[in-house]
Amino acid sequence: GNSVTQMEGPVTLSEEAFLTINCTYTATGYPSLFWYVQYPGEGLQLLLKATKADDKGSNKGFEATYRKETTSFHLEKGSVQVSDSAVYFCALTGTASKLTFGTGTRLQVTL
Amino acid sequence: DAMVIQNPRYQVTQFGKPVTLSCSQTLNHNVMYWYQQKSSQAPKLLFHYYDKDFNNEADTPDNFQSRRPNTSFCFLDIRSPGLGDAAMYLCATSIGGDSYEQYFGPGTRLTVT
């Protein structure tokens, strides 16, 4: 079946540091890949997506590239802010319109 | 703005007392989902509706039921809440099909006393 593996958190960074959160997946076929962000006490918000190999999703300074050869979709940001502190979930679509989530990575950005 | 709305945002119920959580959407999406999320965990899919077709996950307890009276509304009924059912409940919608993202509501935090 489908699965998503994310690096364990928490990840603690100083403001303006470079961020990478690793995500790898196992899936049959050609899934779409997503990053969702969840701020404390809130629902999940779609951060970015990629629907085919070599696509790059980007939003709010975050980027991730769909790498079929390494089955990866790592999230990056060049300069994080305190307001980026949240939990980040990597996910993929499978059959029947369902999402498979990774376990989530908590990011804490300090001044 | 088109959106997914969940009411209430916070719900307190007593052990064993039935409770209903509601979700509405203005996106006119075909699919509506209910997730349970416990602290520091990924959301766990309970069930979803594709139009009027109900799809239950194999490991969803019978204590959890759902209704979708029309395209816009979907309800989660917990017939006899236990302490272990305290969680955030998230509603989401999708156009349908394998490529499309899901749009989440803000969630309802359920407390069981």
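The basis for the numbers below is simple: all heavy atoms, side chains too, and nothing from hydrogens, waters or symmetry mates. Here is how names work: the chains are called A, B, and so on, in the same order as the sequence lines, proteins then strands, and each is numbered from 1.
- Under the 4.5 Å side-chain heavy-atom criterion for ILVMFWY residues, a single connected hydrophobic cluster contains both Met88(B) and Val87(A).
- More than 12 heavy atoms of other residues, nucleotides or ligands lie within 6.0 Å of CG in Asp59(B), so this atom counts as buried by the packing criterion.
- No chain of hydrophobic side-chain contacts below 4.5 Å, direct or via other Ile, Leu, Val, Met, Phe, Trp or Tyr residues, connects Val4(B) to Leu110(B).
- Grouping the Ile, Leu, Val, Met, Phe, Trp and Tyr side chains by contacts below 4.5 angstrom, directly or via other members, places Tyr39(A) with Phe62(A).
- In this structure, Tyr103(B) OH and Gln45(A) CD are separated by 12.5 Å, a value rounded to the nearest 0.5 Å.
- Considering only heavy atoms from C-beta on, Arg9(B) comes within 4.5 Å of Glu42(A) through its side chain.
- Phe89(A) and Pro43(B) get closest at one heavy-atom pair: CE2-CD, 4.1 Å.
- Expressed to the nearest 0.5 Å, how far CD of Glu101(B) lies from CG of Leu33(A) amounts to 12.5 Å.
- The line from CD of Gln38(A) to CZ of Phe104(B) is 9.0 Å long, rounded to the nearest 0.5 Å.
- The environment of CZ in Arg106(A) is sparse: at most 12 heavy-atom neighbours from other residues, nucleotides or ligands sit within 6.0 Å.
- Here the closest non-hydrogen pair linking Tyr35(B) and Phe101(A) is CE2-CE1, 3.8 Å.
- Hydrophobic clustering (ILVMFWY, side-chain heavy atoms < 4.5 Å, transitive): Leu90(B) and Phe75(B) are in distinct clusters.
- Looking at Tyr36(A), its side chain does come within 3.5 Å of a backbone N or O of Gln102(B) through a donor-acceptor pair.
- With hydrophobic clusters built from ILVMFWY side chains whose heavy atoms lie under 4.5 angstrom apart, Phe73(B) does not share a cluster with Leu27(B).
- At a 4.5 Å heavy-atom cutoff, the contact between Gln37(B) and chain A is made by side-chain atoms alone.
- The minimum heavy-atom distance between Lys98(A) and Glu57(B), with the atom names listed, is NZ-OE2, 2.8 Å.
- With a threshold of 4.5 angstrom between heavy atoms, Leu44(A) approaches chain B through its backbone and through its side chain.
- Atom NZ of Lys38(B) sits in a crowded spot, with more than 12 heavy atoms from other residues, nucleotides or ligands closer than 6.0 Å.
- Closest approach of Ala42(B) and Gly102(A) over heavy atoms only: CB-O, 3.3 Å.
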